[in-house]
Protein chains: 2
Amino acid sequence: MPRPSRRDHLIETAITLFCEHGYHATGIDRILAAAGVSKKTMYVYFRSKEELIYAALRQYDGVFRNNFMKAVEAASDTPKGKLLAIFDVAEVWFGDNQFFGCMFINAVGEYSEKDSPVREISKQFKKLLRYYVVSLAKEAGADDADELADELCLLLEGAIVTAQVSDDTKAASIARKMAVLAIEDAVG
Amino acid sequence: MPRPSRRDHLIETAITLFCEHGYHATGIDRILAAAGVSKKTMYVYFRSKEELIYAALRQYDGVFRNNFMKAVEAASDTPKGKLLAIFDVAEVWFGDNQFFGCMFINAVGEYSEKDSPVREISKQFKKLLRYYVVSLAKEAGADDADELADELCLLLEGAIVTAQVSDDTKAASIARKMAVLAIEDAVG
DNA sequence: TTCAACAGAAACAGATCTGTTTCCTTATGT
DNA sequence: ACATAAGGAAACAGATCTGTTTCTGTTGAA
């Protein structure tokens, strides 16, 4: 039974490189060099590059949502405040030098087959993040928590892409302002 | 002096394949086979694959914005109606079987270098589309046309990504509903 | 008809990619 | 101390990629 540390380190390195350079553009050798792991060892843990991609996406899914939820919880005590904190947390994220957009959005751009595991994992990620927003929307007393969550999630997607493509540092605050309108409309 | 038709056909074919499969995953040979053009001829018009990518993005920039603006103009007579028509036009776009998200968003996901031509062209596209929305916002009598345009453009980005990644057919109408709120807030 | 330019087909070069295998070193447990 | 397993380094195979070149046919104009 192999120790998990090597496998995890490989996944962490892969996440970083896939985020920055994309999936097809990131060769196995580059990941291995960055991780300081031999090719032989990698192929013990992952039977192919595809499997490493899936593992990286699944790992990031958990880690990102966990960090995101924790940051939101820490940013505010009130339900309504937490809904808005989503965009404050996003703003910090966008300001990171290592911000290259959403790993899942970028992944779907490279893998267009409808039933591809990449798309399934990405869709699942967005679904799970939405569940969390739905729960916050319920706590905030929204008339239709699902609808409000749809709106806030769409705003977040828009902010991510605007920050990434248009290189707009105001993206998070633009989204936040609209979030105020959406929340008022939904809770009123 | 070469006839432009071959060059244009090559660009059109490249756009289709880059949209569906991405940039790194689309090899030259695949484009050439689909276009029915020889490699030799291609390298007369484009000195490298990179140049073909730039040409495809620049061509799509013009064609897409032109079609988009025409569709918006045709959908409504009033300024406010045109602002909302953005999302009706988007809905039709998302419903297309050949919808694979925004070519520029996908491109930026694959080319992360800050000063890359791909990023420059993509940023320029978003900027030009925003100029159009600003002009519509001015016509609609927005207090701050720039701010409203920022908001509506962010909603459009969010709708595109939500339709693409979450495979959500409601994406356009969710964005449209928020657009109503934003317009009311801005014109009030 | 003849000549020149064009363009397709295909071979080719060189690089890079994924994935396998071999060889050797280094730990670790008995 | 010795046997065994793990893992690095690197060669290797086979595929694929970009870009060049060569050869051949075809077309259009003088």
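Naming: A, B, ... by sequence-line order, numbering from 1 per chain.
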Item checked: Separation of D:dT18 P from B:E51 CD (nearest whole Å) -> 15 Å

Note to self: Strictly below 4.0 Å: does A:R6 bring a side-chain N or O up to OP1 or OP2 of D:dG8?
What the structure shows: yes

Margin query: Measure CG/B:L32 against C1'/D:dT18 and give the value in whole Å, please.
Written below: 11 Å

For residues 89-104 of chain B, please give each side-chain donor-acceptor pair under 3.5 Å, one per line with the distance, not counting sequence neighbours.
{"unit_1": "B:D96", "atom_1": "OD1", "unit_2": "B:Q98", "atom_2": "N", "d": "2.7"}

Check: Pairs in or reaching into residues 21-39 of chain B: which pass side chain to side chain donor-acceptor pair (under 3.5 Å), with residues at least two apart or in two chains?
Finding: B:H21-B:R30, B:H24-B:E110, B:D29-B:K39, B:S38-B:T41

Margin query: Please give the remaining members of the hydrophobic cluster of A:V63, linking ILVMFWY side chains under 4.5 Å, ordered by chain and number.
Written below: none

Check: Please give, in whole Å, the distance from C:dG8 C1' to B:L10 CG?
Finding: 14 Å

Throw together a table of side-chain donor-acceptor distances under 3.5 angstrom for residues 176-186 of chain B, partners on residues two or more places apart or in other chains.
{"unit_1": "B:R176", "atom_1": "NH1", "unit_2": "B:D88", "atom_2": "OD1", "d": "3.0"}
{"unit_1": "B:R176", "atom_1": "NH1", "unit_2": "B:D88", "atom_2": "OD2", "d": "2.7"}
{"unit_1": "B:K177", "atom_1": "NZ", "unit_2": "A:E151", "atom_2": "OE2", "d": "2.7"}

Next item on the list: Rounded to the nearest angstrom, tell me the gap between atom CZ in A:F46 and atom P in C:dT18.
Entry: 15 Å

Note to self: With a cut-off of less than 4.0 Å, is there a side-chain N or O of B:S38 near OP1 or OP2 of C:dG8?
What the structure shows: yes

Checklist line | B:S173 (side chain) donor-acceptor with B:K170 (main chain) under 3.5 angstrom | finding: yes

Margin query: Tell me the interatomic distance from B:H24, atom NE2, to D:dT18, atom P, rounded to whole angstroms.
Written below: 10 Å

Next item on the list: Please report, rounded to the nearest Å, how far the C1' atom of D:dC17 is from the CE atom of B:M42.
Entry: 12 Å

Margin query: Using the side-chain heavy atoms of A:S48, tell me which of these nucleotides is nearest: D:dG7, C:dG19, C:dA7.
Written below: C:dG19

Note to self: Generate the contact string for nucleotides 20-28 of chain C. Rules: B means base contact, S means sugar-phosphate contact only, - means no protein heavy atom under 4.0 Å.
What the structure shows: BBBB-----

Next item on the list: Using the salt bridge (Lys or Arg N to Asp or Glu O under 4.0 Å) rule, collect all pairs that involve residues 69-79 of chain B, keeping only residues at least two apart or in two chains.
Entry: B:E73-B:K82

